[in-house]
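Working notes, structure below.
Hydrogens, waters and symmetry mates play no part in the numbers below; they use all other heavy atoms, side chains included.
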Amino acid sequence: MDVSPVSLVRRRFVLPVCTMIFLCLYMFYSCAGSCASLQGSAPSQQPGLLSQLLLRAQPRPPGEETSISSFYSGSGTKKLPQAIIIGVRKGGTRALLEFLRVHPDIRAVGAEPHFFDRNYDKGLDWYRDLMPRTLDGQITMEKTPSYFVTKEAPARISAMCKDAKLIVVVRDPVTRVISDYTQTLSKRPDIPSFESLTFKNRTTGLIDISWSAIQIGIYAKHLENWLQYFPMSQILFVSGERLITVPAGELGRVQDFLGLKRIITDKHFYFNKTKGFPCLKKAEGSSKPHCLGKTKGRTHPNLDPKVVQRLREFYRPFNMKFYQMTGHDFGWD
């Protein structure tokens, strides 16, 4: 029997095309079902053991962490922080947080929540919702430098978690107050001079302790408030100076304090001569080198050496007391 041209076309093209369409639809719905089951899982569910091992078993380059973490962005749970960087302003807190975020077992919120000083009335549920999701064994962390000088903060944090680990980055209070003024000046060029803000009476050299920038550097006074609620064993003081000169050393102390493996080491840093402080060879979520923004490392104004000397004299007794309380000489005098 002769085969018509139409029948020949059907045999040669229609059947294979239908078969390919069927296979494509099958694969599509199979993948869609798998993705739906992954995304639809309850927030409290954790990935299986194999998934967690793949995610966290090896010290991964920061650039690779994001792709894996984002795959599980809906996994884990939002928890209240177990560790908080509570101070101090212009001490190096942003640098410390950026360095710590390289560690695969630390998950930190980027913006400062200001919960325990400005937003406490919004409640713990609001605070928890700001936190990133974490897997078992990971530490949730935040940093708000103003907590250290907020009178109510120690009691509020203790009420949330008596076992919270607190980190304070401290810096030579004279350098710190100058840096504080420099930042304010960059935002408000019309503010009074540094000298006029520093002294109540320039002739007698009486320091104006009502200026908040001066108050922050009286570390011993603020620490007394925290020790009413937390033992010294739960507070780690990081040297802002050493964070610049030997960042890996200070990061080692922090990782030990948090009970984590020392993954962040010298290999993660390089010194940027232009900025004058260390930068990350690879930041979290990037394969490129990363330094802190233009707002960090500003050039300080030239000040009368006598003003700086008077400030050193003012802070010296408070520094000595702080050294005694912490059992560490930070070498500011």
Any Leu185 side-chain heavy atom under 4.5 Å of Ile191 side chain: yes
Nearest non-hydrogen partners of Phe115 and Tyr147, listed with the distance: N-OH, 2.9 Å
Pairwise distance CG(Asp125) to CG(Leu130) - rounded to 0.5 angstrom: 11.0 Å
Test log, rule side chain to side chain contact (heavy atoms under 4.5 Å, CB included), inputs Leu251 and Leu96: CA-CA 8 Å; Leu251 266 293; Leu96 178 61; 4.2 Å; yes
Note, Arg101 side chain near Met141 side chain (heavy atom, < 4.5 Å): no
From OH (Tyr120) to CH2 (Trp126), nearest 0.5 Å: 13.0 Å
Linked, directly or transitively: Leu243 and Leu258 (ILVMFWY side chains, under 4.5 Å): yes
Heavy-atom neighbours of Leu124 CG exceed 12 at 6.0 Å: yes
Considering all heavy atoms, the nearest Ser196-Pro192 contact: OG-CB, 3.3 Å
Neighbour count above 12 (heavy atom, 6.0 Å) for Asp190 CG: yes
Trace of the side chain to side chain contact (heavy atoms under 4.5 Å, CB included) decision for Met160 with Ile84: CA-CA 12 Å; Met160 176 193 73; Ile84 305 176; 4.3 Å; yes
Test item: side-chain donor near acceptor, Tyr127 and Glu142, under 3.5 Å: yes
Cationic N near anionic O, under 4.0 Å, Asp172 to Arg312: yes
Side chain Thr326, main chain Phe322, donor-acceptor under 3.5 Å: yes
Pro154 to Phe230 - nearest heavy-atom pair and separation: O-CE1, 3.5 Å
Main-chain N/O of Ala213 paired to Arg176 side chain as donor or acceptor, under 3.5 Å: yes
Note, Ile264 side chain near Phe269 side chain (heavy atom, < 4.5 Å): yes
Atom pair CG/CE of Leu223 and Met325 - distance to nearest 0.5 Å: 4.0 Å
Lys165 to Phe257, cation-pi by 6.0 Å centre distance and 45° axis angle: yes
Side chain to side chain, Thr182 and Phe194, heavy atoms closer than 4.5 Å: no
Worked check of side chain to side chain contact (heavy atoms under 4.5 Å, CB included) between Ser158 and Trp226: CA-CA 10 Å; Ser158 177; Trp226 286 90; over 6 Å; no
Short N-O contact, Asp333 and Arg316, less than 4.0 angstrom: yes
Beyond-backbone contact of Met131 with Pro81, side-chain heavy atoms, under 4.5 angstrom: yes
Ile214-Met320 co-clustered via ILVMFWY side chain contacts under 4.5 Å: no
Validation row: Pro145, Ile86 side chains within 4.5 angstrom (heavy atoms): no
Side-chain H-bond candidate by donor/acceptor type, His222 with Asn225, under 3.5 Å: no
Parallel, tilted or perpendicular: rings of Phe330 and Tyr323 (30°, 60°): tilted
Residue pair Phe314 / Ile218: nearest heavy atoms and the distance that separates them: CZ-CD1, 4.2 Å
Atom of Pro132, atom of Val109 and distance for their closest heavy-atom approach: CD-N, 3.9 Å
Any donor-acceptor pair under 3.5 Å from Gln234 side chain to Lys162 backbone: yes
Gln255 CD to Arg262 CZ distance, which is reported to the nearest 0.5 Å: 7.0 Å
Any Thr198 side-chain heavy atom under 4.5 Å of Ile207 side chain: yes
Atom pair CG (Leu260) and CD1 (Ile106), whose distance is rounded to the nearest 0.5 Å: 5.0 Å
Co-membership, hydrophobic cluster, residues Ile139 and Leu80, 4.5 Å side-chain: no
Same cluster (ILVMFWY, side-chain, under 4.5 Å), Tyr229 and Ile157: yes
Side-chain (Asp180) to main-chain (Lys90) donor-acceptor, under 3.5 angstrom: no
Residues Glu112, Arg89; criterion salt bridge (Lys or Arg N to Asp or Glu O under 4.0 Å); working and verdict: CA-CA 12 Å; Glu112 296 174 2; Arg89 173 181 162 90; over 6 Å; no
Centroid-centroid under 6.0 Å between Tyr219 and Phe237 rings: no
Val169 and Glu250, any side-chain heavy atoms less than 4.5 Å apart: no
Derivation and outcome, side chain to side chain contact (heavy atoms under 4.5 Å, CB included), residues Leu303 and Glu195: CA-CA 8 Å; Leu303 300 174; Glu195 288 83 352; 4.0 Å; yes
Flag if over 12 foreign heavy atoms under 6.0 Å of NZ, Lys78: yes
Nearest-0.5 Å distance, OG1 of residue Thr144 to CD1 of residue Ile85: 9.5 Å
Common cluster, Val170/Val149, ILVMFWY with side-chain heavy-atom separation under 4.5 Å: yes
Side-chain donor/acceptor of Asn201 to backbone N/O of Thr204, under 3.5 Å: yes
Pair Lys79-Thr140, side-chain hydrogen bond (donor to acceptor under 3.5 Å, both in side chains): steps then yes or no: CA-CA 7 Å; Lys79 302 173 184 175; Thr140 303; over 6 Å; no
Exercise: identify the closest heavy-atom pair between Thr175 and His300: O-CE1, 4.0 Å
